[in-house]
Amino acid sequence: MKIRTVIADDERPARRRVEMLLGDFPEVEIVAQCENGLEVVEECRRHSPDLLFLDIQMPELDGLEALRALGPEGPRAVIFVTAFDHYALRAFDAQAVDYLLKPYDSGRFRNAFERARELLSVRKTTAMLGGQLLDLLENMKARPAYLERLVLRSAGRIAFRGVSELDWAEAEGNYVRLHFGKESHLQREK
């Protein structure tokens with residue numbers, strides 16, 4: 001699974017560091033890099049990324065304002081990358097997967113990325129299962145609520161008959177005799 005990623009930071013060296021560290025993950029596809037909050041909104045709407053590495057203090061709109069502007073169409077996972085620890089609570093209120101405080105090391109970055117990858121995998125699986133469940137429910141709605149055909153077993157042979165062909169049925173002890181025109185079949189279900 002490709003993880004479509006946007007990197008947003010007003011400092012070029014900070015963007016380059018994230019890009020370099022993401023090079024260790026072949027499933028990552030960097031679809032855009034942004035240097036201000038307006039670009040974040042624009043590029044996220046254009047590319048619909050799975051993951052966003054987001055600085056908080058940027059020109060035009062800060063990272064939190066950019067997320068608010070994106071609303072529910074925003075990325076499925078956000079990792080904040082910032083030099084300011086006092087935004088952490090607001091970041092987690094905005095459903096951040098992680099909060100990398102600059103300067104961070106590659107191990108800390110890897111942990112944050114792994115957490116995001118796991119979350120994205122769970123969300124993808126959940127969405128896929130939800131889609132399959134909806135398909136199943138639609139198929140169940142489309143099927144008639146009654147039996148369409150009967151499987152008849154007699155004398156070592158199996159025959160299929162439509163329920164609409166059945167004229168009448170009668171009980172014979174532990175058996176049922178099904179009548180189709182001049183034919184009849186004695187059946188016992190276990």
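FYI, side chains are in, hydrogens and waters are out, and symmetry mates aren't considered; it's all heavy atoms of this structure.
A distance of 8.5 Å separates OG1 of Thr5 from CG of Leu120, quoted to the nearest 0.5 Å. Distance CE/Met58 to CG/Leu38: 9.5 Å, rounded to 0.5 Å. Distance CG/Leu166 to CG/Leu152: 9.0 Å, rounded to 0.5 Å. Atom NE2 of His179 and atom CD of Glu165 lie 15.0 Å apart (nearest 0.5 Å). Residue Leu52 holds its CG atom at 13.0 Å from CZ of Arg4, rounded to the nearest 0.5 Å. Arg17 contributes atom CZ, which lies 11.0 Å from atom CG of Leu22 (distance to the nearest 0.5 angstrom).
The side-chain heavy atoms of Val176 and Leu178, taken from C-beta on, include a pair separated by under 4.5 Å. With a 4.5 Å cut-off on side-chain heavy atoms, Val97 and Val78 do not count as touching. At least one side-chain heavy atom of Asp10 sits less than 4.5 Å from a side-chain heavy atom of Asp55. Side-chain contact between Tyr99 and Ile56 is present, with at least one heavy-atom pair separated by less than 4.5 Å. In this structure, the side chains of Tyr175 and Gln187 stay at 4.5 Å or more apart for every pair of heavy atoms. In this structure the side chain of Leu101 never reaches within 4.5 angstrom of the side chain of Phe80, judged on heavy atoms. Looking at Cys34 and Val6, their side chains come closer than 4.5 Å, going by heavy atoms from C-beta outward. Here the side chains of Ile3 and Arg117 are in contact, with some heavy-atom distance below 4.5 Å.
Using a cut-off of 4.0 Å between Lys/Arg side-chain N and Asp/Glu carboxylate O, Arg177 and Glu172 are scored as salt-bridged. A salt bridge links Glu19 to Arg16: one of the charged nitrogens lies within less than 4.0 Å of a carboxylate oxygen. A salt bridge links Asp50 and Arg76; the closest N-O separation between the charged side-chain nitrogens and carboxylate oxygens is under 4.0 Å. Ion pairing between Arg161 and Glu183 holds under the 4.0 Å rule for side-chain N and carboxylate O. Salt-bridge check for Asp9 with Arg15: failed, with every basic side-chain N at 4.0 Å or more from each acidic carboxylate O.
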Inset, instruction - For side chain to side chain contact (heavy atoms under 4.5 Å, CB included), just list the numbers for Lys102 and Leu100, CA-CA rounded to whole Å, side-chain angles, deciding distance to a tenth of an Å, and then say yes or no. - result: CA-CA 6 Å; Lys102 297 174 187 175; Leu100 292 174; over 6 Å; no

Legend entry - Check against side chain to side chain contact (heavy atoms under 4.5 Å, CB included), Val81 and Leu54: CA-CA 6 Å; Val81 184; Leu54 182 62; over 6 Å; no

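Side-chain heavy atoms closer than 4.5 Å link hydrophobic residues (I, L, V, M, F, W, Y) into clusters, and following such links, possibly through other members, connects Val163 to Phe180.
Counting heavy atoms of neighbouring residues, nucleotides and ligands inside a 6.0 Å radius, atom CZ of Arg108 exceeds 12 of them. Counted within 6.0 Å of CD on Glu114, heavy atoms from surrounding residues, nucleotides or ligands total more than 12; the atom is thus considered enclosed.
With hydrogens and angles disregarded, no donor-acceptor distance shorter than 3.5 Å links the side chain of Glu65 to the backbone of Leu61. Here the side chain of Lys2 pairs a donor or acceptor atom with the backbone of Pro26 at under 3.5 angstrom.
Of all non-hydrogen atoms in Ala116 and Leu51, the two that sit nearest each other are CB-CD1, 3.8 Å. For Asn36 against Pro59, the heavy-atom pair with the smallest separation is CB-O, 3.3 Å. Nearest heavy atoms, Ala66 versus Gly37: CB-O, 3.8 Å. When every heavy atom of Ile79 is checked against every heavy atom of Ala112, the shortest pair comes out as CD1-O, 3.5 Å.
Note: Phe109 and Tyr104 have parallel aromatic rings, judged against thresholds of 30 and 60 degrees for the angle between ring planes.
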